[in-house]
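A quick write-up on the structure given underneath.
Chain identifiers are assigned alphabetically (A, B, ...) following the order of the sequence lines, protein sequences preceding nucleic acid strands; residue numbering begins at 1 within each chain.
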Amino acid sequence: MSEFITEAKRTHYCGSLNAEDAHKQVVLMGWVHRRRDLGGLIFVDLRDREGTVQIVFDPEGGPRAHALAHSIRNEFVLAIKGRVNLRPAEMVNASLKTGEIEIIAEEMEILNEANTPPFVLDGETDVSENLLLKYRYLDLRRRKIQKNIMLRSKVTAETRSYLEKEGFIDIETPFLAKSTPEGARDYLVPSRVNPGTFYALPQSPQIFKQLLMVSGFDRYYQIVKCFRDEDLRADRQPEFTQIDMELSFISEDDIIGIIEGMMAHIFDACLDRKVQTPFPRLTYREAINRYGRDNPDRRFALEIADLTDIAGQSDFRVFSEAAQKGGSIKAITIEDGKAFSRKDLDGLGEIVSPYGAKGVAWVRVGEEGWSGSVSKFFNNEAINQVHEKTGARPGALILFVADTSPAVVSASLGALRLYLGNRMGLIDSDKLSFTWITEFPMFEYSETEGRYMATHHPFTSPVLEDLPMLETDPGAVRARAYDLVLNGSEIGGGSIRIHKSDVQSMIFKALGLEKEEVRTKFGFFLDALQYGTPPHGGIAFGLDRLIMIMAGAESIRDVIAFPKTLKATCLMSEAPSEVSTGQLDELHLNIK
RNA sequence: GGGGUCGUAGUUAAGUCGGUUAUAACGCCGGCCUGUCACGCCGGAGGCCGUGGGUUCGAGUCCCAUCGACCCCGCCA
């Protein structure tokens, strides 16, 4: 067997060759993507990270290589020395990037053999995720995932270059940190040298980055792993990556401007897509009223109308009761009601029921008036008022949701709106729709905790003019917080922080945290605020979600090289796993 | 914590009302083939029907439990 390759250097990537390379002598290394053995003539599609190219083995061009080529199988690793041949016109494969050329193999070496893979790597077959995750290293050979991972690298590189240019300093913060109350469940790490104590893996570097502002670094950023021990979703992993930043002496508008520039730069540099700035802004209240949620997908309209005042007067008990008990009645109007059959309408209840709504009431708007389940409860005057508010015209369909809880109505219609947008094909997947959501409420009342909780986090600055309401009506206090929403996903969020220790203490008090608890958990931080803390604020982006949208991926797992399952396990390495009693002893741990 | 979808050759799926030897495609193995590119043609091997229990003369199919993957609600400051 010829061992020429051990001496030779690779000259090109398979996928980067084209007609301009014609007649060149090349050395390629890659995996056998597919072979077509015609007996006297053998074709192999050789694959590397840049793509595939056709290798031709014929007895004339390379007798030894041709003889050896009969034995190769899928996923073998080959080194090929050959000549780039311009294909005759009738043999050009237009569906292949390298389809104008092929490589006539003069020498070939099998660098390694391979077992038959447990699934075909052609990207055509839908393989169960179970198997893909177990053999993730093979899944990662597939073009689709490989492209996503390479896009991710490009995005982080462009992010760094933009932020460095803007004067940001990359500073690492600890992974072994202190467990904090509030927020998500922590991943804990036992300390061997301090028996009975634990570190927590950070949910975000929040406190550290604020301390860096106290230290005077002025502009900080980090592309950093964060950890949250909560139940997972299609867009949530237990460990995920944030683009994290913090700035001193700035206002909301400064941060928003920098981020808009960053997004424009990333999309231009990575996807060659121009992004229109500035991005539109919506207050939280407006987002909930018009779209039912604080992460509205504004690639389509289909807005929600508030009909509480009108429908609340009707004789329909569900409506009148909702209105009387502080709830609301809201509706979405569909212009072309014919697209929905009676059966379709009956099915809508399933869309809203997970959000607590009892059902969806509907009427069809005709030339002569209304028909449908609740039409008889509305008189002509009410009908005209509804038409005015919803813009409904003959042929339209009005879908109502009513509940004694306004939050249930909003969440239900928010979900219904998305369902309808999808079903009616209103969502243009090529569109990029950025929106800032501002003026979040500072606190939300938690039924389970029986107290107010920070909507964003407890270091967020309240809007100053709302401060007097801190004790009288905490739910009405607005925060100087902002989220960036892209195509219905929250991709980032941040706030102007509290930089005065007395205000910070007031917030802890409003959150119902005991003085001693605050002292134990945040004492060092409150101290720091008293040593000349500049006004500051920041933002953090979910890198994984951003890449998902940029790549058009349906799952966060498609943009992470080694993701975990919904139960936070790794099917490939089988983490987490049990450890030896010796290890437990060292850590002073007993397992129940 | 709650609700849902799924689990049958290596892979993806079909499997009727519970009834003979569990199908197909792709992949795999062998043979033929000098212009294929999802090559083609001929032949072949390959099954713990996720696991455990139950009902039944008889279970891939019905019931219960359990494991796993996925989706949603809660949760995720």
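Nucleic acid contact class of A:P88 (heavy atoms, under 4.0 Å, all strands): none. Base engagement by A:S204 is indicated by at least one non-hydrogen atom pair under 4.0 Å involving a base atom. Within the 4.0 angstrom heavy-atom criterion, base atoms lie near A:P458. Residue A:Q206 is in base contact, counting any heavy-atom pair closer than 4.0 Å across all strands shown.
Checking the phosphate oxygens (OP1, OP2) of B:C39, a side-chain nitrogen or oxygen of A:R36 falls inside 4.0 Å.
A:N93 and A:S95 are linked by a side-chain donor-acceptor pair at a separation below 3.5 angstrom, with hydrogens and angles left out of the test.
Residue-to-nucleotide proximity on RNA chain B shows that, of A:N74 and A:M91, the 5′-proximal contact is made by A:N74. With RNA chain B read from its 5' end, the first of the two nearest nucleotides for A:L131 and A:D45 is the one closest to A:L131.
Going from atom CG of A:D58 over to atom P of B:C33 covers 16 Å, rounded to whole Å. Going from atom CG of A:N115 over to atom C1' of B:U11 covers 16 Å, rounded to whole Å. Distance, A:R34 CZ to B:U36 P: 16 Å, rounded to whole Å.
A salt bridge does not link A:E439 with A:R480: every distance from a Lys NZ or Arg NE/NH1/NH2 to an Asp or Glu carboxylate oxygen is 4.0 Å or more. The pair A:R519-A:E514 does not meet the salt-bridge criterion, since no charged nitrogen lies less than 4.0 angstrom from a carboxylate oxygen. Using a cut-off of 4.0 Å between Lys/Arg side-chain N and Asp/Glu carboxylate O, A:R423 and A:D344 are scored as salt-bridged. Looking at A:R73 and A:E113, no side-chain N of the basic residue comes within less than 4.0 Å of a carboxylate O on the acidic one, giving no salt bridge. Taking 4.0 Å as the cut-off between side-chain N and carboxylate O, A:R36 and A:D45 count as a salt-bridged pair. With salt bridges taken as basic N to acidic carboxylate O contacts below 4.0 Å, one links A:R185 and A:E230.
Using atom C1' as the reference point in both B:A45 and B:G30, the two lie 10 Å apart (nearest Å). Taking atom C1' in both B:G68 and B:G52, one finds a spacing of 15 Å when rounded to whole Å. For the P atom pair drawn from B:C49 and B:G60, the interatomic distance equals 8 Å after rounding to whole Å. As rounded to the nearest Å, B:G40 and B:A22 have P atoms that lie 29 Å from one another. B:A14 and B:A9 have their P atoms separated by 13 Å, given to the nearest Å. Comparing B:C42 with B:G50, their C1' atoms are spaced 37 Å from each other, to the whole Å. Using atom C1' as the reference point in both B:A13 and B:C6, the two lie 13 Å apart (nearest Å). Spacing of C1' atoms, B:U8 relative to B:G74, comes out at 35 Å, to the nearest Å.
Between the side-chain ring of A:F43 and the base of B:U36, a stacking contact exists by the 5.5 Å and 30° definition.
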Footprint string (nucleotides 68-76 of chain B, 5' to 3'): B base within contact, S backbone only, - free, heavy atoms under 4.0 Å: SSBBSBBBB
Using the ring-ring contact (aromatic ring centres under 6.0 Å, His included) rule, take A:F240 and A:F227 through it: C-alpha gap first, then chi angles, then the decisive distance, then the call. CA-CA 7 Å; A:F240 59 98; A:F227 306 85; 8.0 Å; no
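Donor-acceptor pairing under 3.5 Å, judged by distance alone, is absent between the side chain of A:R35 and the base of B:C37.
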